[in-house]
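One structure below.
Quick caveat: nothing in here was measured; it's all calculated off a predicted structure.
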Amino acid sequence: MFAKLASALLLASSVISGAISKPVAVSRNLNARGFPSFNHWGGLSSFDNFDNFYGVDNFDSSSHFTQVVDTSSHLVCHTQAIEIIQQRLLVIQEMAKRVILEQVCEVETQTVVFEQFHASLGLFRNDIHRVSGHHVGFDGAIAGHFGSIVGGDGSLSTDNFGFSGHELGAHTVVVDGSNWNDFTSPASVSAAFGAAHGAFTGLH
């Protein structure tokens, strides 16, 4: 039961909007869609410099994104028990909640920064489906800061890690070993997505 609930919560975090039957390419023209500046939005100081991270026209990090593959790193996937994967992703999910709730006091800012996180993470779906045009990977330099989120006493750190969202993808690590097949995987992955999305929508 716990594994099903964890899986459902993780799936929920990856669904960006509404019911869709298949992955779609993300629009690259955010200005045309009317995205506003969030700097000092609503007069709240917690929004100061919000747009500096990704850019005013780059709310979900999709509009201005350049990948540089780090060829010095070579990783190969090794399949683990599914509950191991679900546990770790649930830890990341709950840590994201903790960061938002503990380090932001205004609920308006909590709302916007969560939607930004939600949308940006959701873009990974199109990478997995090989429809984004990006290498399927992660930014090793940014991921390397994971151990610095929490201090030795268990409190959340407040250190500035010295990077912005503009740097996302500059140190992309591609993990080898997946079973992707150009001929059969588009259909099988779409079927897997449909089954997962059906399980998610069936909960609501």
Side-chain angles (χ1 to χ4, degrees), residues 1-30 32-35 54 58-67 69 75-97 100 110-140 142-143 146 165 168-169 172-204:
M1 183 66 184
F2 175 78
K4 287 184 178 179
L5 178 59
S7 181
L9 289 170
L10 291 170
L11 179 60
S13 73
S14 71
V15 176
I16 299 175
S17 62
I20 55 177
S21 59
K22 60 182 181 179
V24 294
V26 177
S27 170
R28 297 296 178 179
N29 190 349
L30 298 181
R33 291 159 57 192
F35 277 75
Y54 287 125
N58 196 30
F59 181 78
D60 63 356
S61 77
S62 68
S63 186
H64 305 295
F65 179 75
T66 303
Q67 278 188 318
V69 175
L75 296 178
V76 178
C77 61
H78 301 281
T79 299
Q80 302 294 329
I82 195 64
E83 61 267 25
I84 301 301
I85 310 306
Q86 291 169 316
Q87 287 170 359
R88 279 143 185 78
L89 292 177
L90 191 55
V91 168
I92 293 170
Q93 171 186 294
E94 295 306 297
M95 279 301 301
K97 291 180 186 178
I100 291 170
Q110 290 174 352
T111 298
V112 173
V113 77
F114 170 73
E115 291 305 324
Q116 183 179 54
F117 168 73
H118 188 230
S120 183
L121 178 62
L123 295 174
F124 185 54
R125 178 197 301 130
N126 286 341
D127 295 345
I128 293 175
H129 285 262
R130 273 68 171 178
V131 297
S132 67
H134 302 149
H135 294 284
V136 186
F138 65 93
D139 191 297
I142 293 175
F146 183 78
L168 178 64
T172 298
V173 177
V174 175
V175 180
D176 294 326
S178 84
N179 70 332
W180 177 266
N181 180 294
D182 289 339
F183 298 102
T184 61
S185 294
S188 63
V189 170
S190 290
F193 174 80
H197 192 257
F200 167 68
T201 56
L203 296 174
H204 302 277

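Rounding to the nearest 0.5 Å places CG of D176 at 8.5 Å from CG of L75. Remark: L123 CG to I128 CD1 distance equals 11.5 Å, nearest 0.5 Å. How far NZ of K97 is from CD of E94: 3.5 Å, rounded to the nearest 0.5 Å. In this structure, CD1 in I82 is found 11.0 Å from CD in Q87, a value given to the nearest 0.5 Å. The NE2 atom of H134 sits 8.5 Å away from the OG1 atom of T66 when rounded to the nearest 0.5 Å. With rounding to the nearest 0.5 angstrom, the CD atom of E83 is 10.0 Å from the CZ atom of R88.
Contact of the V174 side chain with the V136 side chain is not registered, since no non-hydrogen atoms from C-beta on lie closer than 4.5 Å. You'll find the side chain of Y54 reaches within 4.5 Å of the side chain of S120, heavy atoms only. Counting heavy atoms from C-beta on, the side chains of F59 and V112 come closer than 4.5 Å. The closest side-chain heavy-atom distance from V113 to F117 is not below 4.5 Å.
Listed for the D139 side chain is a donor-acceptor partner under 3.5 Å among the backbone atoms of G169. H78 places a side-chain N or O within 3.5 Å of a backbone atom of V76 that can act as its donor or acceptor partner. Put simply, the side chain of Q67 gets close to the backbone of H135: a donor and an acceptor are under 3.5 Å apart.
In this pair, F193 and H197 present their aromatic rings parallel. The plane angle is below 30°, not in the 30 to 60° band.
Nearest heavy-atom pair, N181 versus P186, reported as atom, atom and distance to 0.1 Å: O-CD, 3.6 Å. Here the closest non-hydrogen pair linking C77 and S178 is SG-N, 3.8 Å.
Shown here are the side-chain contact (heavy atoms from CB on, under 4.5 Å) partners of T111, two or more places apart in sequence or in another chain: there are none. For V189, the side-chain contact (heavy atoms from CB on, under 4.5 Å) partners two or more places apart in sequence, or in a different chain, are H129, W180, S185. With sequence neighbours excluded, no residue forms a side-chain contact (heavy atoms from CB on, under 4.5 Å) with N179.
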